[in-house]
Amino acid sequence: MKTSEIRKMFLQFFQEKNHRILDPSPLPIDDPTLLFTVAGMVPLKQYYLGESAPLSPRMTSSQPCLRTNDIENVGKTPRHHTFFEMLGNFSIGDYFKQEAIDFSWELLTSVFKIDESLLWVTVYPEDEESKKIWKKYIPTQRILESKENFWQMAPVGPCGFDSEIHIDLGSDIGCKKSTCNPLCDCGRFLEVWNLVFMEFNMNEKGETLPLPKKNIDTGMGLERISCVLNGVQSNYDTDLFLPIIQNIEKLSGKSMNEKRFRYNIIADHVRAIPFLISDGVFPENSKHGYVLRRLIRRAKLSGHLLGINQTFLPSLCEQVIHQMEDQYPKLQSHQDTVKTVVTNEEEQFSNTLTDGYRIFEEAASKIASMFPGDIAFKLHDTYGFPVELTKELLAEKGLCLDEKEFLSLLNEQKQRAKTLHTFSDTITETDYWVDIRNEIGNTTFLGYERDATSAVIRKILFQGESVPTANQAEKMYTIFVNQTTLYPEKGGPIGDRGTIQSEHGLLKILRTFSPVENLIVHEARLENGQVQEGDAVQITVDIEFRRGIRRAHTATHLLHAALKRVIGEYVNQSGSFVEPDSLRFDFNAFEALTMEQIYQIEDDVNYWIARSEYVKTEVKSLQQAVQEGATALFKEKYGDEVRIVEICDISKELCGGLHVANTSELRLFSIIKESSIGSNLRRIEAVVGTKAIEKCRNESKLVKEAKHIIDKPGVDFIQSIRMLQEEMKEKDKEIQSLRNSLLASSACDLIKKAKDHGAFSLLVHSLKDADMDMLRGYADQLRSRAEKPILLFITSTTKDKVIGVIASTGEINCKDVIKHLQSKYSLRGGGNPKLVSIGDLQSSDVSGITETLKEYLQNRE
Ligand code: ATP
Ligand code: MG
């Protein structure tokens with residue numbers, strides 16, 4: 001049975017049982033404690049936490065997931081992947097254990113027609129209810145108890161027992177013991193489905209209290225069930241993987257039966273890569289981008305070890321896109337981007353791969369048995385060499401790795417980069433705001449239509465404590481109201497500012513934000529009088545401030561469109577910050593923009609401003625919006641209804657923020673700076689409106705003033721500056737030659753100070769602020785005046801370093817001298833037998849070196 005049919009059957013089965021089929025959510029998420037969607041329930045977290053209500057309490061999905069913690073298992077076990085699809089059915093306060101178990105049994109035995117006698121389950125020892133339900137279907141000896149069957153989202157919060165369904169793959173697999181059961185990890189039993197029964201709330205004391213509404217969350221690995229239904233013994237032998245592996249075979253020219261795990265690693269990773277890139281992830285050195293980079297490099301290394309030398313990953317990714325595009329159409333529309341990004345990253349890694357090998361060879365040639373852990377760590381960390389590759393290479397040479405040192409460095413790093421698979425930290429923070437919202441009700445936002453509104457004060461906090469009145473002038477209060485016109489900070493733009501005026505007092509709002517859906521928080525300073533809970537007030541937006549935000553915000557949409565036009569469709573926004581009339585826009589790109597590109601982007605945006613296009617906003621279903629090609633950012637959370645901001649045929653983005661009505665309001669757009677903020681990540685800083693006009697005026701003022709100072713009549717301004725530079729260079733040369741002749745005359749006196757050491761004499765001298773050229777010239781001067789074989793050691797101290805030369809009249813080879821010094825001091829020298837320059841002297845070493853040179857000359861006799 002084809003895997004695509006299995007996916008369809010699962011979704012249809014639950015649809016017939018009144019479940020709403022959910023669209024797949026993106027892989028990357030922007031949760032402080034979780035980088036990726038690791039299970040089907042992750043996109044539904046808000047519903048489980050009670051932050052918002054789903055459109056239907058029964059839902060089902062086939063959700064792409066990424067588990068980086070399983071990366072080490074990939075290739076080793078037949079059932080673990082980094083990227084896999086999780087089939088799930090979910091109930092938010094609707095059905096519970098009975099139906100969840102009934103549904104799973106019906107699907108597995110009646111729809112998928114799995115032999116009942118092969119099914120086993122595990123349950124939590126105290127979960128009597130589940131045991132009872134299972135007993136209807138399964139004999140008691142195949143219902144096992146395990147303390148592992150407890151699930152929690154985080155140390156505090158919703159939790160409950162779970163029950164796993166395992167399939168017996170046959171007694172000829174695994175340990176072959178007659179007592180073998182799903183609690184044995186020999187591989188005979190395959191966990192296919194986990195049913196989670198969320199019924200408790202764990203408090204900080206570790207007590208479990210019943211949840212007001214019980215929930216169901218289940219997860220079944222699509223690749224695993226496909227493996228079972230197709231009667232193969234490994235997920236990697238299913239139709240999802242085998243065609244890819246056969247292609248890798250063609251590329252390597254070797255049979256997949258040799259080093260099969262390497263084929264599996266490549267096949268696994270090339271499935272994850274197109275999904276990540278289509279979701280806007282780009283290779284970087286941190287977070288989502290680092291995981292993508294790691295997957296690409298690991299696949300490349302495996303290819304390398306299979307003898308594939310050419311760039312091969314883009315073609316495999318393309319194969320995956322064709323295989324999956326029916327179910328995931330966005331793969332198709334990002335095909336070009338996937339190709340560009342993967343080719344670039346693979347080629348880039350080809351370069352470090354060679355360097356990494358060189359470092360490995362160098363280190364390996366120096367040691368007798370134990371390979372240093374820090375070098376293995378450097379290879380792993382800097383050159384992207386997985387440690388198992390290093391170990392394999394070492395084994396070929398009969399060497400082994402200092403694993404202890406490597407692991408301790410790795411652990412240190414892991415400690416730094418730890419990403420918990422829980423939502424722990426967010427929960428308390430979110431709970432706090434949800435509690436407030438439950439207490440006072442939603443805040444209605446009216447600011448799309450108007451700038452001011454009447455409202456009622458619902459709650460006041462002073463230094464985190466609830467107070468009835470704000471009455472201390474100049475102090476900050478947190479104010480909650482029933483409705484407001486101020487747009488809160490979420491995503492790029494900063495929140496609105498404004499005022500709250502009551503009959504008896506005035507508050508100035510300095511910050512507006514929305515920590516949870518439907519709650520808008522105002523942080524305000526009491527200007528005068530007092531404001532009380534229950535007061536009727538007037539809320540007014542600071543209109544000038546808002547206009548500035550609107551202009552800069554619309555400019556980010558235009559800039560995004562211009563970047564895609566000028567640089568490439570693959571460019572995606574990865575962050576932004578919008579203030580009145582100024583903006584910062586982060587995006588992925590392979591290299592710095594050229595001046596031409598920057599001008600082109602400015603020209604595009606200014607042309608669109610001049611075209612006076614209307615900015616249209618419309619509310620639609622998320623599905624419809626994405627189908628119509630609106631750009632969605634994965635870091636944003638979207639509900640089922642979304643707002644689309646459309647500027648003629650120029651730009652169409654999902655965005656809840658405030659915009660100008662017409663592009664002409666922006667007046668002018670000007671880029672201040674373009675810079676790198678990480679690997680393959682760039683930032684543009686720009687201004688619009690008043691700030692852009694001010695910038696242009698300031699720049700022209702600057703030029704006028706400079707012209708006033710240096711302009712020469714009849715000469716072009718830039719030409720005048722160049723002439724000045726030339727004059728300075730000439731003067732520098734003159735100074736240099738004067739210094740040289742001064743040195744020459746002092747050389748005659750200095751050479752007399754050389755001290756004899758046996759057959760040779762030694763002259764040590766130090767100068768100030770001489771550069772290397774001067775030192776060499778000086779050494780020549782001195783040498784030509786020497787009357788017997790001489791060795792010179794001349795140093796120069798400059799502001800930030802000490803440099804030096806060692807020179808001789810030819811009888812002594814200065815290269816030998818430097819080698820001798822290098823055995824005692826850390827220095828680098830280069831030159832010829834008569835003169836060696838040293839660029840990195842330690843001032844504390846100079847006297848020691850002098851002594852060493854004396855001994856050296858003495859010993860030559
Ligand atoms: P395992 O113990 O086999 O790693 P798990 O306990 O981590 O599984 P759950 O977190 O309960 O799995 O996920 C639910 C289902 O998702 C599993 O029953 C399995 O079918 C599937 N699944 C989990 N991890 C992976 C993976 N790395 N690759 C493929 N499928 C997976
Ligand atoms: Mg697992």
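One-based numbering, in listed order, for ligands and for the atoms of each.
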> From atom 20 (O) of ligand 1, work out which of C65, G40, G221, C227 has a heavy atom at the shortest distance.
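Minimum heavy-atom distance to atom 20 (O) of ligand 1 goes to G221.
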
> Applying the side-chain contact (heavy atoms from CB on, under 4.5 Å) criterion to D162, which one of V123, D127, L195, N149 satisfies it?
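That would be N149; it is the only one of V123, D127, L195, N149 passing the side-chain contact (heavy atoms from CB on, under 4.5 Å) with D162.
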
> Taking 4.0 angstrom as the limit and counting only heavy atoms of V192, give me the atoms of ligand 1 inside it, by number and element.
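Per the distance check, 18 (O), 20 (O).
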
> Please confirm whether E223 comes under 4.0 Å of ligand 1, counting heavy atoms of the residue only.
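Per 4.0 Å heavy-atom rule, E223 does not contact ligand 1.
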
> With heavy atoms of G219 as the reference, note each atom of ligand 1 found under 4.0 Å away.
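Here the atoms of ligand 1 in question are 14 (C), 15 (C), 18 (O).
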
> Under 4.0 Å, heavy atoms only, figure out whether ligand 1 is touched by the backbone of R67, its side chain, both or neither.
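For R67, the contact with ligand 1 is made by the side chain alone.
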
> Select the closest option to atom 31 (C) of ligand 1 among F83, F84, W193, judged by heavy-atom distance.
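Among F83, F84, W193, the closest heavy atom to atom 31 (C) of ligand 1 belongs to F84.
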
> Do any nitrogen or oxygen atoms of E164 come within less than 3.5 Å of a nitrogen or oxygen of ligand 1?
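No: no nitrogen or oxygen of E164 is under 3.5 Å from one in ligand 1.
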
> Should we say atom CD of E148 is surrounded by more than 12 heavy atoms from elsewhere, each under 6.0 Å from it?
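Not buried by this count: 12 neighbours or fewer within 6.0 Å.
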
> Against heavy atoms of N194, which atoms of ligand 1 measure under 4.0 Å?
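Close to N194: 11 (O).
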
> For ligand 1, which atoms have a heavy atom of M86 less than 4.0 angstrom away?
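By the 4.0 Å cutoff, the relevant atoms are 13 (O), 14 (C), 16 (O).
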
> Does any N or O atom in R224 lie less than 3.5 angstrom from one in ligand 1, N or O only?
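Right, the criterion is met.
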
> Within ligand 1, which atoms have a heavy atom of D70 less than 4.0 Å away?
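Every atom of ligand 1 under 4.0 Å from some heavy atom of D70: 24 (N), 26 (C), 27 (N).
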
> Examine distances only and state if a side-chain atom of R67 and a backbone atom of V38 form a donor-acceptor pair shorter than 3.5 Å.
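At least one qualifying donor-acceptor pair exists.
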
> Any side-chain heavy-atom pair from T82 and L295 closer than 4.5 angstrom?
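Sidechains of L295 and T82: in contact.
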
> Measure the shortest side-chain to side-chain distance between V338 and E318 over non-hydrogen atoms and say whether it is less than 4.5 angstrom.
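Not in contact.
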
> Taking the inter-plane angle between the rings of H380 and F406 on a 0 to 90° scale, is it parallel (under 30°), tilted (30 to 60°) or perpendicular (over 60°)?
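H380 vs F406 ring planes: perpendicular.
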
